[in-house]
Chemist: 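Please find one structure pasted underneath; my questions will follow.
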Amino acid sequence: MSGSRELTKSLAGFILTVAVALSFLVGGLSAGMIAREQGPKIQCCEQISVCNDRTKHAKPAPNGAIDLSPALQRWVQSEIETSPVGTAEVATQSLKAVRDDNSQIAAVGQKVTFNRDIAPIVFHYCASCHRPGEAGPFPLLTYDEVKKHGRQIEAVTQTRFMPPWLPEPQTLKFADERRLSVEQIALIQKWVDQGMLQGGAADLPPQPQFVKGWQLGKPDLIVKAAKPFQLPASGIDTYWNFILPIPINESRWVKAVEIRPGDKRLVHHANILVDRLQLSRKIETEPGAGFGGMEIRIESELFDPDSHFLFWKPGTVPYVEPDGMALRLDKGTDLVLNTHLQPSGKAELIEPSVGIYFTDKPATEHPMLLQLECDSQLDIPPGDSNFVVHDEFTLPLDADLLAIYPHAHYLGKELEAIATLPDGTRETLIDIKHWDLNWQAVYRYEQPVPLPKGTTISMRYVYDNSDRNVANPNHPPKRVKGGNRSSDEMAHLWLQVLPKNLPDSNRDPRMVLQEALARHHVERDPSDFESHYNLGAMLQAAGDVEGAEAQYQAALQLRPGDAVVNNALGAALLASGDSEEAVAHLSASLKARPDYFDAHYNLGSAMASQGNFSGAAEQFRDAVRLNPQDADAEANLGSALAQMGELKEAKSHFERALQLKPGHALAQENLQLVEHMLAGRQP
Amino acid sequence: MYRDRQRVSAILVLMLNFALIIVMVGWIGAAGVRANQPPTGVDLAGKPVDPLRADAGKPVVLIFVRTDCPISNRYAPTIQRLSTEYAGRAAFWLVYPDKSESSAAIEQHLHAYGYKLPALHDPQHALVKLGQAQVTPEVAVFDAGGQLAYHGRIDNWYLTFGHARPEPTIHELDDALQAVLKGSKPQVATASGVGCYISDLE
């Protein structure tokens, strides 16, 4: 019967188109990718020694001698003695520079006063957190409030505990830098030593004005945690994740997200991960309960690296994405708010909320998060105070670097990243000499940093697993390896980059970047399951099915029963015509995860291509049950039923598919065929 | 200060015309009481309290805290636990040296942090001087005879601002209390604390 042949053809053709849908394993942030590149290798340590030459930071000449207190002189001296070549000059130049920039400061012999000298510093650097309702434990908005903590302020600025700002000065400037100059620190000390004078009222600058409530006005959508988290009065730091379902009925573009993490005094930092498939819900003991854990991983089923840092730390002003760089949120997306909480001494309730600001302007540019990492190198012997790891990756295309997020746990000591441009120029991307997990942050560059194709990005992290590291969770120290738990260690460097289109290819530059990064990772670490999988997915997308199958096989060697990889390999085998092997892997996938929509769908397709339509119908029925909104599954179920002669039921599924997706080509075509056949059956 | 003294003298001179003897006796007497009076704090009802005499015969622990000091606040569970452990054997007092803190604010603080021990206000820093406290939180441990046996940090949890061990490894307050309860001297007489400077409150 000609109708039946056509139906089969349509069915099989359709199946193969859909079956190669890509999946991604994404770790850490909203849509991070992992990859590596076969580029020219440069010894990281050589680069590091050069990158300490920070003389570019120097500003114009001084206006005179600077009166440093003995304590500050000691501090500066110790900085000079303990820092690599170049820092001494930076310290001196920094003093000179600030002298230039601060014409108002007390002249020689003049007393330092709050109103003239200290208030501008406190208002600019401290008040955004030290005001009611914010993270600071006490307000610093008036003379009396500052004086009441004067010696404390002197002490915490001298050690640079406050204001919290981990990176050293560098040529590439960060937005919202919150780092006091050496002279500002000296001025505070002098003020305290001289008795904390108030000064003339006319000298006092106006108090900073802050927006109350939501910083960008009332959000278009406010989502709250279903259940607050009860933080105990005491104990070690806690990491808690809240799942925030997004109640939207269609895809929307988001220009800004404001995170209100709950009581800001208790939250050290918070990160949002985009969970497009609501996979994190499976970790909850009951819906809305949330779940513990420092690092979480979310799988993304599509190649969709629409990657934005959604990060909160004390003093954060919500970041508004530029036009054309909005973040897409789909119906059925969850946001997962990952919080780092510190007990305050009394039991507290953490009730976070997130404000979302939509825009009509869709994304035209798609940044990606590149992740360099050295976790597999982390095997830190107890007592080792100088354990070094490094990684480097060469960009396969031009990209703009927008932001950077270095990450280690409690043993991290020094975290440094540099870029070596093709012309040999070296730029420090970030340089943290005294890592402190409590003050981790995403750092955005003041201006996008252009990194041409061939730029090598290097990371070098140093760990201290000795007793001298007070943050060491183990006393006596124990061997610590890489891992996701807070008791494990991490060596991650995330870079938000905007890849530029390739001049000589139509390939999506994100795929090129992702493929290079995944290749880089599997070459460095053949046991990197995730990168084998991601490389396979990229090769499959590029049409290299054989290469993809090899990578999936390598991933399965590492995790034989993995549902996602078995599904991907099954889809790849189906695409290359090996339906028998495809059925075996898709069945293995469903054994591991019986409610896996994609695997049911693909297995249905594989069975249909073998002519097993009743088996196929069964799989499509499961797929429709798991995702009643999927028009393709409905259309394929209809097609399988039609093949079995169940024309009436087939018709209803084609109609349902057309309801879900008006104009669905296969459903429309097959519906006509089925109606024709049904009409032919009429007496 | 100098002007104030002048004013007192002037008043005395004025009063001499009317009741020289009474005023003189009264004045001298008051001075005499002050000289012998032990340093006291003020309870939340405004009544002077001498914590060293309130529980005669027992060791006394003064714990200096502030309502707005994040480090002393984080110590609240430790302080409460130790005061419960030593209940009946040693007298624990919270001492608030910030003169700008009202009784209501202190009461609210006690409630919020679950404190079950008595609190004193020390606006003149009489107890601060007695206990040689520098920062909040610090403690002063007096033996049963009222002698200062230990003063300083509660334990070594904090190394400096922003740098705390996951948990303390040396427990000076606990050690000092065990020593004085045995009638011996603590091995360590003092250890500097990390926290909010009391001198900022002068």
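In this text the structure is predicted, and so the values were computed from the model without any measurement. Lettering of chains follows the sequences in order, A, B, ..., and the numbering in each one begins at 1.
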Chemist: Only pairs of heavy atoms separated by less than 4.5 Å count here; which of M196(A), Q342(A), R265(A), H475(A) has the most with chain B?
Modeler: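 Most heavy-atom pairs within the cutoff with chain B belong to Q342(A).
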Chemist: Which one wins on heavy-atom pair count under 4.5 Å against chain A: E167(B), R66(B), R74(B)?
Modeler: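 The candidate making the most pairs under 4.5 Å is R74(B).
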Chemist: Counting heavy-atom pairs under 4.5 Å to chain B, which of N472(A), N474(A), V156(A), V470(A) comes out on top?
Modeler: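 The option with the most such pairs is V470(A).
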Chemist: Between atom CD1 of I71(B) and atom CD of Q152(A), what is the distance when rounded to the nearest 0.5 Å?
Modeler: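 So the CD1 of I71(B) and the CD of Q152(A) are separated by 7.0 Å.
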Chemist: Between D68(B) and F138(A), what is the shortest heavy-atom contact and its length?
Modeler: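 Scanning both residues completely, I find the closest heavy atoms to be O-CD2, 3.3 Å.
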Chemist: Does atom CD of Q124(B) have more than 12 heavy-atom neighbours from other groups under 6.0 Å away?
Modeler: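 12 or below, so no.
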Chemist: Can you say whether A233(A) sits under 4.5 Å from chain B via the side chain, the backbone, both, or neither, judging by heavy atoms?
Modeler: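 A233(A) touches chain B through backbone and side-chain heavy atoms alike.
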Chemist: Below 4.5 Å from any heavy atom of chain B, which atoms of M162(A) appear? Answer side chain, backbone, both or neither.
Modeler: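 No part of it gets close to chain B.
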Chemist: Is Y113(B) in contact with chain A via its backbone, its side chain, both, or neither, using a 4.5 Å heavy-atom distance?
Modeler: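 Backbone plus side chain of Y113(B), per the 4.5 Å heavy-atom cut-off to chain A.
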Chemist: List for me each residue that meets side chain to side chain contact (heavy atoms under 4.5 Å, CB included) alongside V49(B), sequence neighbours excluded, and say none if there are none.
Modeler: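 Checked V49(B) against side chain to side chain contact (heavy atoms under 4.5 Å, CB included); matches are D43(B), W93(B), L120(B).
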Chemist: Nearest 0.5 Å, what's the CD1-OH distance between I153(A) and Y197(B)?
Modeler: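 Nearest 0.5 Å value for the CD1-OH distance: 12.0 Å.
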Chemist: Which heavy atom in P166(B) sits nearest to a heavy atom in I236(A), and how many Å separate them?
Modeler: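 Answer, listing the atom of P166(B) first, then I236(A): O-CG2, 4.0 Å.
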Chemist: Among N438(A), D436(A), N469(A), find the residue that satisfies the side chain to side chain contact (heavy atoms under 4.5 Å, CB included) test when tested with H163(B).
Modeler: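 Output: one option passes, namely D436(A).
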Chemist: Going from NZ on K346(A) to CD on Q80(B), what distance comes out if it is rounded to the nearest 0.5 angstrom?
Modeler: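 It is 15.0 Å, given to the nearest 0.5 Å.
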Chemist: Can you tell me if D200(B) uses its side chain to pair, donor with acceptor, with the backbone of G150(A) under 3.5 Å?
Modeler: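 Confirmed, D200(B) side chain pairs with G150(A) backbone.
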Chemist: Can you list everything that forms a side chain to side chain contact (heavy atoms under 4.5 Å, CB included) with Q178(B)? Sequence neighbours excluded, please.
Modeler: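 Applying side chain to side chain contact (heavy atoms under 4.5 Å, CB included) to Q178(B) gives Y86(B), D174(B).
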Chemist: Let me confirm one number: the CD1-CZ distance from I198(B) to R151(A), rounded to the nearest 0.5 Å.
Modeler: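 So the gap between those two atoms works out to 10.5 Å.
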Chemist: Would the number of heavy atoms belonging to other residues, nucleotides or ligands and lying under 6.0 Å from CD of Q108(B) be above 12?
Modeler: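 Result for CD/Q108(B): open.
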Chemist: Based on non-hydrogen pairs under 4.5 Å, which of P164(A), G235(A), G345(A) is most in contact with chain B?
Modeler: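 The residue among P164(A), G235(A), G345(A) with the greatest pair count is G345(A).
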Chemist: Side-chain contact, heavy-atom cut-off 4.5 Å: R81(B) with S234(A)?
Modeler: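 With C-beta onward as the side chain, the pair stays apart.
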Chemist: Side chain, backbone, both or neither: which part of T67(B) has a heavy atom under 4.5 Å from chain A?
Modeler: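 Interface part for T67(B): neither.
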Chemist: Let me confirm one number: the CG-NZ distance from L201(B) to K147(A), rounded to the nearest 0.5 Å.
Modeler: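 Spacing of CG (L201(B)) from NZ (K147(A)) equals 9.0 Å.
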Chemist: Using a cut-off of under 4.5 Å on heavy-atom pairs, state which of P70(B), G195(B), G114(B), C69(B) scores highest against chain A.
Modeler: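 It is P70(B).
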